[in-house]
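A short worksheet on the structure shown next.
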Amino acid sequence: MKQIIVHQEKCTACRECEVACSFAHEGVFVPALSRIRVNDFYEEQFYLPMTCVHCADAPCATVCPTVAIEKEADGQILVHEQRCIGCKMCLLACPFGVMGFHPEVGVAQNCDLCRNVAEGPQCVQFCVPQALEYAEVETAAAAKQKIYAATIQQSLLSQH
Amino acid sequence: MPAPYVLIGNSAAALAAVDGIRRFDRRGRIVLLNREKGPAYSRVALPYFVAGERRLEDLLIRQGPDYQRLGVELMDEATVTAIDAAAKQLRLADGRQVAFGKLLVATGSSCVIPPIRGLETVPRHYLWTLADAQGMKAAAEKARSAVVIGGGFIGMLAAEALRKLDVRLTIVEMAPQLLPQLLDGEGGRLFAQAVAAAGVTLRLGSTVAAVARQGEQIEVSLKGGESIAADMIAVAAGVQPNLSCVAGGACATGKGILVDEHLQTDKADIFAAGDVAEAGDFLSEARAIHAIWPTAVEQGRVAGANMAGKSIAYGGSLGMNVVELFNVTLAELGRFRETAADDVHLLGGSAGGLYRKVVVDGAGYLVGAMYVGDENGVAEMGVIHGMIKRRARWRELADFKLPRFTYATTIHGRGRTVPARAR
């Protein structure tokens, strides 16, 4: 399936992704409502955007007592807001801490890959440094592996 | 035709077992014996139904066509009275007999009826089945005051639902704190402050001796002499596994039905899962009953797969719960009440009503956590949950630098300045 791939080394923590996500889903520019969150470690100058990874065997879906979280045929983990009672069991189950909660509506929310936006995920569209990419997971993983292998190769060769 | 898979139950464990069976056996006949009537509903959603926040149809977690799609025959109002393990035969209350090839006992649990004098003589409300919830809702819409007997998980959910309907509340709890299964003493103290601030009268460390009709009202008498009159009473004294169908000795029992790591009882073709099963515990060698939805689903899936001929071991259940009550979010994981051998680490202390605690065992492994605060801290508890499940040490969490608040959370607080989205 196509997913949001994070190239951590390119992230500058500009937070355009958060603003774009909030606007796409809520119609307001409020990063706190974003379903993607840039985690910042300023001292180390390390920034890591994180959002739902749409697990194959998703703990959030397993624990949901109202079957409000289901894996769609395309692999997406989708929260059905009408069935969600806001119990937060999914937040307690997500080992990545990426399940969100809408403070006003009182329901769980995760990245829906902008399924209702024709142009696709808005965080990716507005990511200037191109730290986010919307791509097939398998292809992206292989490409990433190649890049890291090349980096390791370079550093090993330079030692000789 | 081979004898079918028979599942006693129609909730989390039994429905997950259907999924577990169907992963490996697409055609085998499955019969679901439902003690109640109609398609499955979520017990967890009942308080929201009482409060008028959810409609009846929103509670359903399976519809008729779902059973058809999965090839499941649902038998309504089928209460199993006896299991003949040798003859692989069940007897129902109405005399019908059902033969099984593989059997899953997923009968769940039901409310404990506390020993209170006069309890049978007055109208009283539990919050466990859909019928209970309908009765409580009808009574609450007319009542102006209520006494909730029991300040545990269900009692507090009932209290929250009644409060939303503007019913004036008194909560009587035997333990010296509210929610003893969810909070330690300090957490209980913080939570009790929030409950009392909402105008609820609390009687902690108190036991109800008797109840009696007093005109249109019910008089609740506490041991020690005090008595409280109210328009209705809600009773929530805990739950116990439904073991009556195996009372004849169909399989070995302890507190619940004893099962091995494959969720099989001491009889080859009989399995148990959910609130009724005493199964492997993630944190100890002993067996435990964690009467929570996630455990029921996990066990149901494993039991179903094993009934279909697989050999999958269950990794053991870990207690977990989260709930928002009286505008406070509470969450617990694993062994959140420390023993003498454990270390306790407070993250953030209890300033501002926020209380975060992690329990570490003598060997340095994370074994439990507890949280009192707003909804923003639950996702972090999820990360700790993942760490407990992969047997992480405290060191890893101590070194883990939690990301600073983003400017968004700083500027907008909890995002409450945002206009509400139309539902």
Side-chain angles (χ1 to χ4, degrees), chain A residues 13 15 18-19 22 25-34 37-44 46-50 57 59-68 80-110, chain B residues 12 15-16 41-45 47-48 53-54 58-62 292-295 297-298 301 320-324 329 331-333 371 374-376 378-387 389-390 401-404 406-409 411-423:
Chain A
R15 303 186 185 283
E18 295 181 356
V19 174
S22 160
H25 293 95
E26 313 294 335
V28 288
F29 294 106
V30 178
L33 293 178
S34 174
R37 175 65 55 91
V38 179
N39 296 281
D40 49 56
F41 302 86
Y42 285 119
E43 278 152 30
E44 295 87 345
F46 182 93
Y47 317 115
L48 179 63
M50 281 180 79
D57 184 8
C60 56
T62 299
V63 303
C64 178
T66 56
V67 202
H80 300 278
E81 287 193 4
Q82 297 304 320
R83 290 218 291 274
C84 175
I85 53 173
C87 75
K88 307 178 193 67
M89 199 57 116
C90 50
L91 279 81
L92 191 58
C94 176
F96 301 107
V98 293
M99 182 56 84
F101 192 78
H102 197 294
E104 295 291 340
V105 188
V107 294
Q109 59 176 18
N110 70 328
Chain B
L15 296 170
Y41 60 87
S42 175
R43 202 178 293 300
V44 182
Y48 303 85
E53 294 175 345
R54 285 293 181 279
D58 296 331
L59 306 183
L60 300 180
I61 51 173
R62 292 291 188 281
I292 51 173
W293 192 277
T295 293
V297 173
E298 286 170 8
R301 281 184 187 168
M320 65 184 281
N321 232 323
V322 57
V323 66
E324 184 181 331
T329 298
E332 112 343 78
L333 289 168
Y371 174 82
D374 63 27
E375 70 264 11
N376 289 311
V378 185
E380 185 187 289
M381 286 284 281
V383 176
I384 296 174
H385 182 201
M387 295 175 82
K389 287 302 274 279
R390 62 180 164 81
K401 292 196 179 94
L402 294 171
R404 297 188 184 177
T406 64
Y407 73 82
T409 45
I411 294 171
H412 296 282
R414 291 151 63 185
R416 294 212 185 276
T417 51
V418 179
R421 181 160 43 128
R423 232 197 127 107

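Residue numbers begin at 1 in each chain, while the letters A, B, ... track the order of the sequences.
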Check: B:Thr329 versus chain A, heavy atoms under 4.5 Å apart: side chain, backbone, both or neither?
Finding: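 For B:Thr329, side-chain heavy atoms alone lie under 4.5 Å from chain A.
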Notebook entry, point to check: Given that the side chain runs from C-beta out, which part of B:Arg301 has a heavy atom under 4.5 Å from chain A: side chain, backbone, both or neither?
Noted result: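 Looking at B:Arg301, just its side chain touches chain A.
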Item checked: Reference residue B:Ser42; test side-chain contact (heavy atoms from CB on, under 4.5 Å); the match among A:Thr66, A:Val67, A:Ile85 ->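 With B:Ser42 as partner, side-chain contact (heavy atoms from CB on, under 4.5 Å) holds for just one option, A:Thr66.
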When only pairs under 4.5 Å are counted, which of [options] shares the most heavy-atom pairs with chain A?
options                               : result
B:Val297, B:Leu60, B:Val323           : B:Val297
B:Ala331, B:Ala12, B:Gly386, B:Pro294 : B:Pro294
B:Arg390, B:Lys389, B:Met381          : B:Met381
B:Asn321, B:Ile384, B:Asp58           : B:Asn321

Closest approach of [X] to [Y] (non-hydrogen atoms, all atoms of both residues):
X       : Y        : value
A:Leu92 : B:Val378 : N-CG1, 3.8 Å
A:Ala93 : B:His385 : CA-ND1, 3.6 Å
A:Val63 : B:Met320 : CG1-CE, 4.4 Å
A:Thr62 : B:Glu298 : CG2-CG, 4.4 Å

Margin query: As an exercise, state the distance from CZ of A:Phe101 to CG of B:Asp374, rounded to the nearest 0.5 Å.
Written below: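 Those atoms lie 11.0 Å apart.
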Check: How long is the span from the CH2 atom in B:Trp293 to the SG atom in A:Cys64, to the nearest 0.5 Å?
Finding: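 Here the interatomic distance stands at 8.5 Å.
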Check: Using 4.0 Å as the upper bound for N to carboxylate O, is an ion pair formed by B:Glu324 and A:Lys88?
Finding: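 Result for this pair is yes, salt bridge flagged.
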Next item on the list: Flag the one option from A:Ser34, A:Cys90, A:Cys87 with the top tally of heavy-atom pairs under 4.5 Å to chain B.
Entry: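 Result: the option with the highest number of such pairs is A:Cys87.
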Note to self: Applying salt bridge (charged side-chain N to carboxylate O under 4.0 Å, His left out), can you list everything that pairs with B:Arg62, at least two apart in sequence or on another chain?
What the structure shows: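 Counting only residues at least two positions away or on another chain, B:Arg62 forms a salt bridge (charged side-chain N to carboxylate O under 4.0 Å, His left out) with B:Asp19.
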Checklist line | Side chain / backbone / both / neither for A:Met89 at chain B, heavy atoms under 4.5 Å | finding: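 When you check distances to chain B, atoms from both the backbone and side chain of A:Met89 fall under 4.5 Å.
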Next item on the list: Using the test ring-ring contact (aromatic ring centres under 6.0 Å, His included), find all partners of A:Phe96 that sit at least two apart in sequence or belong to another chain.
Entry: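 None.
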Margin query: Strictly distance-based, threshold 3.5 Å: is any side-chain N or O of B:Arg54 a donor or acceptor partner for the main-chain N or O of A:Cys84?
Written below: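 Flag set: sc B:Arg54 to bb A:Cys84 pair under 3.5 Å.
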